[in-house]
Amino acid sequence: MNRLQELRKEKKLTLVDVYFATGIIMTTLSRYESNKREPKISYLIKLADYFNVSIDYLVGRSDER
């Protein structure tokens with residue numbers, strides 16, 4: 001999920017910022033960013049909503065945000 005890290009850095013956010021906005025624990029977010037863990041669909045929805053992108057964009061299936 002390198003797009004997650006790209007989006008976070010684009011907006012100059014830390015993992016702490018995303019945690020407070022989504023409730024997803026920082027270590028979990030870090031594992032998503034480093035491709036060590038796959039997110040649950042409920043977390044994908046939260047992240048896509050927070051960054052205002054589609055789930056397909058977030059997981060790399062589309063280049064359209």
Side-chain angles (χ1 to χ4, degrees):
M1 295 234 2
N2 292 331
R3 290 221 168 137
L4 176 58
Q5 187 175 38
E6 288 173 19
L7 289 166
R8 183 174 61 77
K9 288 184 176 185
E10 259 180 34
K11 297 182 181 282
K12 296 182 170 81
L13 299 169
T14 65
L15 290 173
V16 176
D17 297 325
V18 179
Y19 160 70
F20 280 119
T22 64
I24 302 170
I25 298 170
M26 293 172 288
T27 54
T28 302
L29 291 167
S30 177
R31 288 180 183 141
Y32 293 162
E33 288 185 0
S34 62
N35 292 316
K36 292 181 180 174
R37 186 170 179 181
E38 293 289 321
K40 297 184 215 177
I41 189 68
S42 60
Y43 287 176
L44 279 174
I45 292 167
K46 283 182 182 186
L47 291 166
D49 287 348
Y50 178 66
F51 287 107
N52 197 32
V53 297
S54 69
I55 291 174
D56 280 346
Y57 178 80
L58 201 56
V59 298
R61 289 179 40 120
S62 171
D63 289 332
E64 189 173 323
R65 291 183 177 205

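Linking ILVMFWY residues whenever their side-chain heavy atoms come closer than 4.5 Å, directly or via other members, places F20 and V18 in the same cluster.
Dense packing is recorded around CD of E10, with more than 12 heavy atoms of other residues, nucleotides or ligands lying under 6.0 Å away. No more than 12 heavy-atom neighbours from other residues, nucleotides or ligands sit within 6.0 angstrom of OH on Y19.
If you take CD1 on I24 and CZ on R31, they are separated by 13.5 Å, rounding to the nearest 0.5 Å. Once rounded to the nearest 0.5 Å, the distance linking CZ of R37 with OG1 of T27 reads 7.5 Å. Rounded to the nearest 0.5 Å, atoms OG (S30) and CD1 (I25) are 12.5 Å apart.
Across Y57 and E6, no two heavy atoms sit closer than the pair OH-OE1, 4.4 Å. Counting all heavy atoms, side chain and backbone alike, A48 lies closest to L58 at N-CD2, 3.8 Å. Here the closest heavy-atom approach between residue L4 and residue L47 is recorded as CD1-CD2, 4.0 Å. Pairing each heavy atom of L15 with each of M26, the nearest pair is O-CG, 3.7 Å.
Comment: R3 engages D63 in a salt bridge, judged by a side-chain N to carboxylate O separation of less than 4.0 angstrom.
Between the side chain of R8 and the backbone N or O of L13, at least one donor-acceptor pair lies under 3.5 Å. When atom types are taken as modelled, the side chain of D17 and the backbone of T14 share a donor-acceptor pair closer than 3.5 angstrom.
With a 4.5 Å cut-off on side-chain heavy atoms, Y50 and L7 do not count as touching. A 4.5 Å side-chain heavy-atom check between Y32 and Y43 finds at least one atom pair inside the cut-off.
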